[in-house]
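Fair warning: this is a prediction, and the values are worked out from it, not measured in the lab. Convention: sequence-line order gives letters A, B, ...; per-chain numbering from 1.
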Amino acid sequence: MATSHSLVALFRELAQLAALDEGSSMSFRARAYENAVEAIASYPGDLAALSERQLTAIDGIGPATAKKIREFFQKGSIARLEELRRKYPPEFVALGRIPGIGPKTLLRLRDELGVTNVETLAAALAGQKLRALPGLGVKTEEKILQSIERMRAAGFEPPAEQARVPIAKAMPIVRELAAALAVLPGGPGVQYCGSLRRLDETTGPADIVAATSDPLAVHAAFAGHQAVARVLEQDGTVTSVETGTGLRVDLRTVDPSRFGAACLWRTGSPAHVARLAARAAGRGWTLDEEGLKDADGETVAADPEDAIYEALGLAPIAPPLREDRGEIEQAERRALPAPVRLEQVRGDLHVHTTLSGDGRSTLEEILDSAAARGYEYLAITDHAEDLSMNGATREQLAAQRAQIEALRGRHPGMALLHGSELNIDREGDVDYDPAFRRTLDWCVASVHSHFDLPRAEQTRRILRAMEDPTVHVIGHLSGRRIGTRMGIDLDVDAVLERAAATGTAIEINAALARLDASSEVLYRARGMDVTFVISTDTHHTREFARMEWGVLHATRGWVDPERVANLWPRARFLDWLHARRG
DNA sequence: GCCGTTTTCGGCCCGACTGTTTTCAGTCG
């Protein structure tokens, strides 16, 4: 209920820095922090209300973590984390994102070669200093050089401190802040805006707009929120803060009569708003954050947002579409693709249980949770055996099948598909043999390794997986983790064409850290005969809620709802599935 | 850092791959 996403994020960072500090992500301390993350995220009640002693009673939280949690609720920050941040500055930690550099190597580079950032690393590489270290060699140097090259070519600048924050880090905290303001007395209208509202992959300083007649109370509540570590600036209408996670958030309060205009202005994108302003100018009007006004300064429209679009002769444009990618022309012709809506989703087709090594919820918990969302169908897709640590053997899958059969009566309204998330290996082959795969109702195939092969090889392996008749959908197409790991390099057009030709669906992975296929790929597929599936890749029942992001991401990619298979009624979906299986 | 305990330390998941090795360490998922 009152999960503090800021607290979760801080412990996640603590786990990462501890892993670096200890030289291994397998270190017991780092893993203990990760367990604490899980415990905090899963706790259903209000952690802030618990004493140190009560906190210790929670599984995965011991005395040290309990102390840190109390510290967070009192100060908005954790001293131990601040200490680790000083010891390992962001530009140094970022080097760990370069494929081939793990914690051990990273620490040695610093201790033995004085590497502290990408510049000093580049200098060490140029001087061929790495090969002189025992355990490292020419190949390692080459590999690191290539990784840096590739990242730069892709516009991915991990070696430097990221000016922009990945959406998965920012969104939960900003939403929590917005939600805390929305429940204040007087019920102010509250909307987070900017990149987050457009579901962009990263965000700069985040924007929240609140419509209220009591701005002082709203600003005070904002500045005093537990996620806030520091107040940067404050005047009557704007408060800027930094959260414990280092994210800057600006709150603006406006008169309720101008709420829509303020949201429109702050949501952007700048290019989109500039086009609207030009359009207003063409009519002799002006558009700014106060609203649309005529030549006499009289308000034409200022709230809600849709009224401004209508006054400009445009159909309302959903926030994820506001990128000046042609949406204004389409809105003028009333030909925009309809936004995908959460209520339209009828099933989830990529879901893990505890049978996956990284799954956190039991099969029963998963079924109950999906049924509670009103789903008409659900596919259980635990990892296949190629993912050695996390995967299931065919015997385990067979046993799970029997378990599912036994549970069919539990939720009669929900069709249960038994499947697996297969691993696409380097050659494009997937787990098990075709005969066994045919005993599965639904197969997701996705990439989990070999992220740094050249484009031609990556494309070949995906095409090969799509050619396999037992593969229904390609999961998280690029394998990226936004802000952390670049996806595989693909010939996107070739992949989309083959998807259309083979009838293999493309997953729209709803996890904020993935949002994969990217909205650029989705946009590129418009007009093509490609089927999509919006999936949550759930590993814990709470992650079913990600579907909300999946539909926004699909909207951002201009995906026609008609092409999304898990919006189809059960009968149509099952017909499609059976026809595909031949 | 947490847990369990036959109470106060010892155990806590791992397998493939790669590059550097001459027997293994580090990375990755």
TODO: Report the residue (A/G100 or A/R80) whose heavy-atom-nearest nucleotide on DNA chain B is the more 5′ of the two.
DONE: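 Closest to the 5' end, via its nearest nucleotide, is A/R80.
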
- [ ] Please work out which residues in residues 507-518 of chain A have a non-hydrogen atom less than 4.0 Å from an atom of DNA chain B and list them by number.
- [x]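 Here the set is empty: none.
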
I'd like the [atom1] distance from [M] over to [N], given in whole Å.
{"N": "B/dC12", "M": "B/dA16", "atom1": "C1'", "value": "22 Å"}
{"N": "B/dT21", "M": "B/dG26", "atom1": "C1'", "value": "13 Å"}
{"N": "B/dG15", "M": "B/dT5", "atom1": "C1'", "value": "31 Å"}
{"N": "B/dC17", "M": "B/dG11", "atom1": "C1'", "value": "28 Å"}
{"N": "B/dT22", "M": "B/dC13", "atom1": "P", "value": "33 Å"}
{"N": "B/dG19", "M": "B/dC2", "atom1": "P", "value": "38 Å"}
{"N": "B/dC24", "M": "B/dT20", "atom1": "C1'", "value": "8 Å"}

Task: Between A/D348 and A/Y375, a side-chain donor and acceptor under 3.5 Å - done: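 No - no donor-acceptor pair under 3.5 Å links their side chains.
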
Open item on the list: Under a 3.5 Å threshold, yes or no: a donor from one side chain and an acceptor from the other, between A/R164 and A/S195?
Closed with: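 Yes, because at least one side-chain N or O of A/R164 sits under 3.5 Å from a partner of the opposite role on A/S195.
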
Please classify the nucleic acid contact of [X] as base, sugar-phosphate, or nothing, using heavy-atom distances under 4.0 Å.
{"X": "A/V138", "result": "sugar-phosphate"}
{"X": "A/F451", "result": "sugar-phosphate"}
{"X": "A/S25", "result": "nothing"}
{"X": "A/D59", "result": "sugar-phosphate"}
{"X": "A/I58", "result": "sugar-phosphate"}

TODO: Round to a whole Å and report the spacing from CD of A/E34 to C1' of B/dC13.
DONE: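 In whole Å, B/dC13 C1' and A/E34 CD are 13 Å from each other.
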
Task: Value in whole Å for how far the C1' atom of B/dT27 lies from CG of A/L95 - done: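 Taking atom C1' of B/dT27 as the reference, CG of A/L95 is at 16 Å.
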
So which nucleotide from [options] ends up closest to the side chain of [X]?
{"X": "A/R426", "options": "B/dT18, B/dC13, B/dC2", "answer": "B/dT18"}
{"X": "A/P103", "options": "B/dC2, B/dC28, B/dT27", "answer": "B/dT27"}
{"X": "A/H448", "options": "B/dT27, B/dG29, B/dG1", "answer": "B/dG29"}
{"X": "A/K139", "options": "B/dC13, B/dC2, B/dT20", "answer": "B/dT20"}
{"X": "A/P99", "options": "B/dC28, B/dG1, B/dG29", "answer": "B/dC28"}
{"X": "A/M26", "options": "B/dC14, B/dC2, B/dG1", "answer": "B/dC14"}

Which value, rounded to the nearest 0.5 Å, describes the distance between [X] atom [atom1] and [Y] atom [atom2]?
{"X": "A/L109", "Y": "A/I144", "atom1": "CG", "atom2": "CD1", "result": "6.5 Å"}
{"X": "A/T202", "Y": "A/I167", "atom1": "OG1", "atom2": "CD1", "result": "8.5 Å"}
{"X": "A/L496", "Y": "A/R524", "atom1": "CG", "atom2": "CZ", "result": "8.0 Å"}

TODO: Would you mind pulling out the nucleotide paired to B/dT8, Watson-Crick or G-U wobble, both distances under 3.5 Å?
DONE: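 No nucleotide pairs with B/dT8.
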
Open item on the list: Is the terminal nitrogen or CZ of A/R485 (NZ for Lys, CZ for Arg) located under 6.0 angstrom from the six-membered ring centre of A/F451 and within 45° of that ring's axis?
Closed with: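 Cation-pi check for A/R485 and A/F451: passes.
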
Open item on the list: Any non-hydrogen side-chain atom of A/T245 less than 4.5 Å from a side-chain atom of A/H5?
Closed with: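 The answer is no, as the side chains (C-beta and beyond) never meet within the 4.5 Å cut-off.
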
Can you tell me if [X] touches the phosphate of [N], counting only side-chain N or O atoms and a distance under 4.0 Å to OP1 or OP2?
{"X": "A/R485", "N": "B/dG29", "answer": "yes"}
{"X": "A/T105", "N": "B/dT27", "answer": "yes"}
{"X": "A/T140", "N": "B/dT20", "answer": "yes"}

Open item on the list: Using a 5.5 Å cut-off between ring centres and planes within 30 degrees, is A/F28 stacked on the base of B/dC2?
Closed with: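 It does not: the ring fails the test against the base of B/dC2.
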
Open item on the list: Out of the candidates A/R455, A/R480, A/R460, only one should pair with A/D489 under the salt bridge (charged side-chain N to carboxylate O under 4.0 Å, His left out) rule; please name it.
Closed with: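 Option passing the salt bridge (charged side-chain N to carboxylate O under 4.0 Å, His left out) with A/D489: A/R455.
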
Task: Centroid-centroid distance, A/H476 to A/H448, less than 6.0 Å - done: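 Under 6.0 Å, so yes.
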
